[in-house]
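Atom set for the values below is all heavy atoms of this structure, side chains included, hydrogens, waters and symmetry mates excluded. For clarity, every value in this text was computed on a predicted model and none was experimentally measured.
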Amino acid sequence: MSNLTIDAERLWDSLMETARIGATPDGGIARLTLSEDDRRVRDWLRARCDALGLSMTVDEAGNMFATRPGARADLPAIAMGSHLDTQPTGGKFDGVLGVLAGLEVLRTLDAAGYRTEAPLMLVNWTNEEGSRFSPAMLGSGIWAGVYSREYGDGRADARGDTFGASLDRIGYRGEARAGAVRFGAMFELHIEQGPILEAEGVEIGVVQGIQGMRWFDLTMTGTAAHTGSTPMGMRRNALLGMARVIEGIDRIAKAHPDAVGTIGFLEIGPNSHNVIPGEVRATIDLRHPSDAVLDRMQAEVEELVRDAAEAVGLTHRLEQISRTAPVVFDAECIASVRTGARAAGYSTRDIISGAGHDAAHAAAVAPTTMIFVPCKDGLSHNPAESTEPAECAAGAQVLLEAVLDYDRRMAEARKGVAA
């Protein structure tokens, strides 16, 4: 064991302090990306990084990278982090725990005067949630080269505000080119956002990978007409067509073991009491650990949409807006998490992430893994999202131990190469 112990109370205080930025009356957080509250929490993080003497770089997608030098200039940085933006009905821990636990690791090392061999880096990714600007994980996707800066800048929210204009407005358009900042490995701590760890009484989830995810925008168009004077047989009701799609998505997902399928956003036009809906927009979210299964599900969804539109006399547009392949995390990073959990004395189980995370894009560029801690009732994206102080502290301690173990492994490996 490292003999270094994170300050659980300081970590909890940081979580509660940042929870006041964008706080909602029901105890949650509505801190949408690139909003004024997002600017405030970014400023809060920057000030804490400045207090530690970290070097801060912000790239053109607004991703924040704060670096603590290591003893050896020939080693790439080991990164920790996640995101500070939330859902409109978000909780206090989703994403935020990963950033603040990374900050706590750096504070602990600073207080002890401990210098790692490799530099350490704290990362705050932009627009992980995708609740304001779709797709999710946009900042890390631009950084990893999955999306261009131009594509990201052009993404618009429901009011028509663009990602690029909003980024400029809050003053977090950095000068660094997206992808210019690199690291040698990344560890992302996160709440599980599911019920498995709590149900089994396990303290730490050793994350093996992330299931694949595909997002689609669907628009079904009919004819808006008077509800009282348009006979049933002469209607082109876009909502009726969408209702058939909603039921079909549920049916398709249930037909494939381990799959999930969801329509979580619906916009009805003109959305008036006595007008037949003429246009309906929706999002479709498909997830599975296998790309082959996702291919089959996508084909079935495309057929479903065509059939539903034809049956009701509608036109439709189905656009894939995000495609994330299933991710298998790095074996060496996973080994360091196991070592770290064992050193800290916590129980573990292997787990696959059902939710998407920035670690998925990071894993395409550098060795990456994640660490999960339980959350009450598996609840997330909800103001009632809850994780105990001891659970947060456990995750941060394992993060610390894992990073130190990986630092030792990397330094020894590079020493062997040099010899």
Side-chain angles (χ1 to χ4, degrees), residues 18 21-22 29-49 54 56-67 79-88 90 94-100 102-103 121-158 161-183 186 188 190 213 215 321-322 324 355-366 368 381:
T18 55
I21 302 174
I29 305 175
R31 193 165 58 224
L32 298 184
T33 193
L34 307 186
S35 64
E36 181 61 20
D37 283 330
D38 188 21
R39 182 197 62 77
R40 290 174 58 206
V41 77
R42 285 167 174 265
D43 289 349
W44 182 97
L45 180 65
R46 184 192 285 271
R48 272 66 190 173
C49 291
L54 307 181
M56 176 70 73
T57 300
V58 182
D59 72 12
E60 60 188 346
N63 300 311
M64 301 172 67
F65 307 90
T67 305
M80 305 169 285
S82 192
H83 61 97
L84 294 174
D85 65 316
T86 76
Q87 291 284 330
D94 174 7
V96 184
L97 175 61
V99 177
L100 299 190
L103 176 65
M121 183 182 290
L122 180 62
V123 184
N124 171 41
W125 299 110
T126 301
N127 193 58
E128 191 275 350
E129 293 291 1
S131 56
R132 182 180 179 196
F133 302 105
S134 184
M137 295 108 69
L138 183 58
S140 59
I142 296 172
W143 171 85
V146 176
Y147 310 115
S148 67
R149 168 179 166 165
E150 292 71 26
Y151 173 82
D153 280 354
R155 303 308 294 170
D157 66 12
D161 292 334
T162 65
F163 177 91
S166 299
L167 183 59
D168 291 333
R169 187 179 305 117
I170 69 166
Y172 270 89
R173 169 87 73 185
E175 295 183 357
R177 178 183 54 81
V181 177
R182 283 290 192 250
F183 43 73
M186 181 160 190
E188 180 173 359
H190 210 280
M213 177 174 66
W215 280 14
I321 60 171
S322 177
T324 305
H357 298 283
D358 292 306
H361 289 317
V365 178
T368 299
H381 289 186

Apply side-chain contact (heavy atoms from CB on, under 4.5 Å) to the pair Y172 and D43, showing each step before the final yes or no.
CA-CA 10 Å; Y172 270 89; D43 289 349; 2.6 Å; yes
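- Shown here for L54 and A66, the closest heavy-atom pair between the two residues is CD1-CB, 3.9 Å.
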Decide side-chain contact (heavy atoms from CB on, under 4.5 Å) for R42 and I170; before the verdict, give the C-alpha distance in whole Å, the side-chain angles of both, and the deciding distance to 0.1 Å.
CA-CA 10 Å; R42 285 167 174 265; I170 69 166; 4.2 Å; yes
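- Atom NE2 of H361 and atom OH of Y147 lie 4.5 Å apart (nearest 0.5 Å).
- Considering R39, R173, R132 in turn, R132 is the only one that fulfils the side-chain hydrogen bond (donor to acceptor under 3.5 Å, both in side chains) rule with S166.
- Separating the CD1 atom in I142 from the CZ atom in R177 is a distance of 13.0 Å, to the nearest 0.5 Å.
- In this structure, the side chain of R155 engages the main chain of S134 through a donor-acceptor pair within 3.5 Å.
- In this structure a side-chain-to-backbone donor-acceptor pair under 3.5 Å is present from T86 to R31.
- Ring-plane geometry between W143 and F183 is classed as parallel, the angle between the planes falling under 30 degrees on a 0 to 90 degree scale with a further cut at 60.
- The CG atom of D85 sits 8.0 Å away from atom CG of L34, with the distance rounded to the nearest 0.5 Å.
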Residues S140, N63; criterion side-chain contact (heavy atoms from CB on, under 4.5 Å); working and verdict
CA-CA 8 Å; S140 59; N63 300 311; 5.6 Å; no
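- A side-chain donor-acceptor contact under 3.5 Å links N127 to the backbone of P135.
- Counting heavy atoms from C-beta on, the side chains of M121 and V181 come closer than 4.5 Å.
- Salt bridge annotation for D59-R149: absent, with no cationic side-chain nitrogen under 4.0 angstrom from a carboxylate oxygen.
- Contact check for R182 versus V365: side-chain heavy atoms found under the 4.5 Å cut-off.
- Note that CG of L100 is 6.5 Å distant from CG of L84, once rounded to the nearest 0.5 Å.
- Remark: D37 engages R40 in a salt bridge, criterion side-chain N to carboxylate O under 4.0 Å.
- Put simply, the side chain of E188 never gets that close to the backbone of S82: no donor and acceptor are under 3.5 Å apart.
- The backbone N or O of G62 sits less than 3.5 Å from a side-chain atom of T126, completing a donor-acceptor pair.
- Of the inter-residue distances, the one linking T67 atom OG1 with M56 atom CE reads 8.5 Å to the nearest 0.5 angstrom.
- Between the side chain of D94 and the backbone N or O of H381, no donor-acceptor pair lies under 3.5 Å.
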Let me see the working for H190 and H83 under side-chain contact (heavy atoms from CB on, under 4.5 Å), right down to the final yes or no.
CA-CA 10 Å; H190 210 280; H83 61 97; 3.9 Å; yes
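- Distance check: L122 CG to M64 CE gives 8.5 Å after rounding to the nearest 0.5 Å.
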